[in-house]
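One structure below.
Whatever order the structure lists them in is the order used to number ligands and atoms, beginning at 1.
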Amino acid sequence: MMRIAVLASGRGSNFQAILERVQSGALPIEIAALISDNPKAAALAIAAKAGIPAIPLNYPSFDSPGAYRQALAETVAALRPDYIVLAGYMRILDSQMVAAYPRRILNIHPSLLPAFPGLHGQRQALEYGVKISGCTVHYVDEGMDTGEIIAQRAVPVCPGDTEETLAARILRAEHALYSEVLLSLTRTAKE
Ligand code: GRF
């Protein structure tokens, strides 16, 4: 069965959406662990409650960024994942990590890339005044939200939208799209 390691820094709603589909049997993958750079991340608690290994790597407690990167690399390698799934992971992966997993690291971003990369994709979309936005699942390269696009889902930007209402609409699309992409990867893995 396809194994994934999930990296998340915060709330973990994308992780939870994937987890629910795994638990229901709709998504035949194994979640090897949830790793977080933030020991307070709600994502860790969601994993622990579901009996999935929840691994905190407290970024500030490492002596250097390099020490954190090494711990992360070793933690991920020990899990032997087929895919590394970034779900609200707020750090850029270093080039060694990216090179170690070519087309094996996925990210989800709350805009239709290449528009509005980086932080606050939803706010950027509102400020620009686009009438359609959405989300993107892409492979991770060394850039910020620049890797090859796998799938996208569009949602309308509605009159009166705030950052919150638009983010919520995009988030619903994110939750569906990420699992759809993972499901399609299980199928290509078998071919
Ligand atoms: C999502 O909007 C995702 O697109 C972005 O970070 C947010 C994570 O939310 N990369 P959650 O932690 O999955 O709820």
Heavy-atom distance under 4.5 Å between the side chains of Arg104 and Tyr139, does that happen here?
->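 In short, these two side chains do not touch, never coming nearer than 4.5 Å.
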Side chains of Leu7 and Leu72: closer than 4.5 Å at any heavy-atom pair?
->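 Yes - at least one pair of side-chain heavy atoms lies under 4.5 Å apart.
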Does a salt bridge link Arg3 with Asp82, judged by any charged N lying under 4.0 Å from a carboxylate O?
->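 Salt bridge flag = no for Asp82 with Arg3.
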Should the pair Glu174-Arg153 be classified as a salt bridge under the 4.0 Å nitrogen-to-oxygen rule?
->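 Salt bridge between Glu174 and Arg153, a charged N being under 4.0 Å from a carboxylate O: no.
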Gln70, CD: over 12 other non-hydrogen atoms inside 6.0 angstrom =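 No.
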Is it true that atom CD1 of Ile132 has more than 12 heavy atoms of other residues, nucleotides or ligands lying nearer than 6.0 Å?
->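 Counting neighbours around CD1 of Ile132, 12 or fewer heavy atoms of other residues, nucleotides or ligands fall under 6.0 Å, so no.
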Contact residues of ligand 1 (heavy atom under 4.0 Å), by chain and number =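 Lining ligand 1: Arg11, Gly12, Ser13, Asn14, Gly88, Ile108, His109, Pro110, Glu174.
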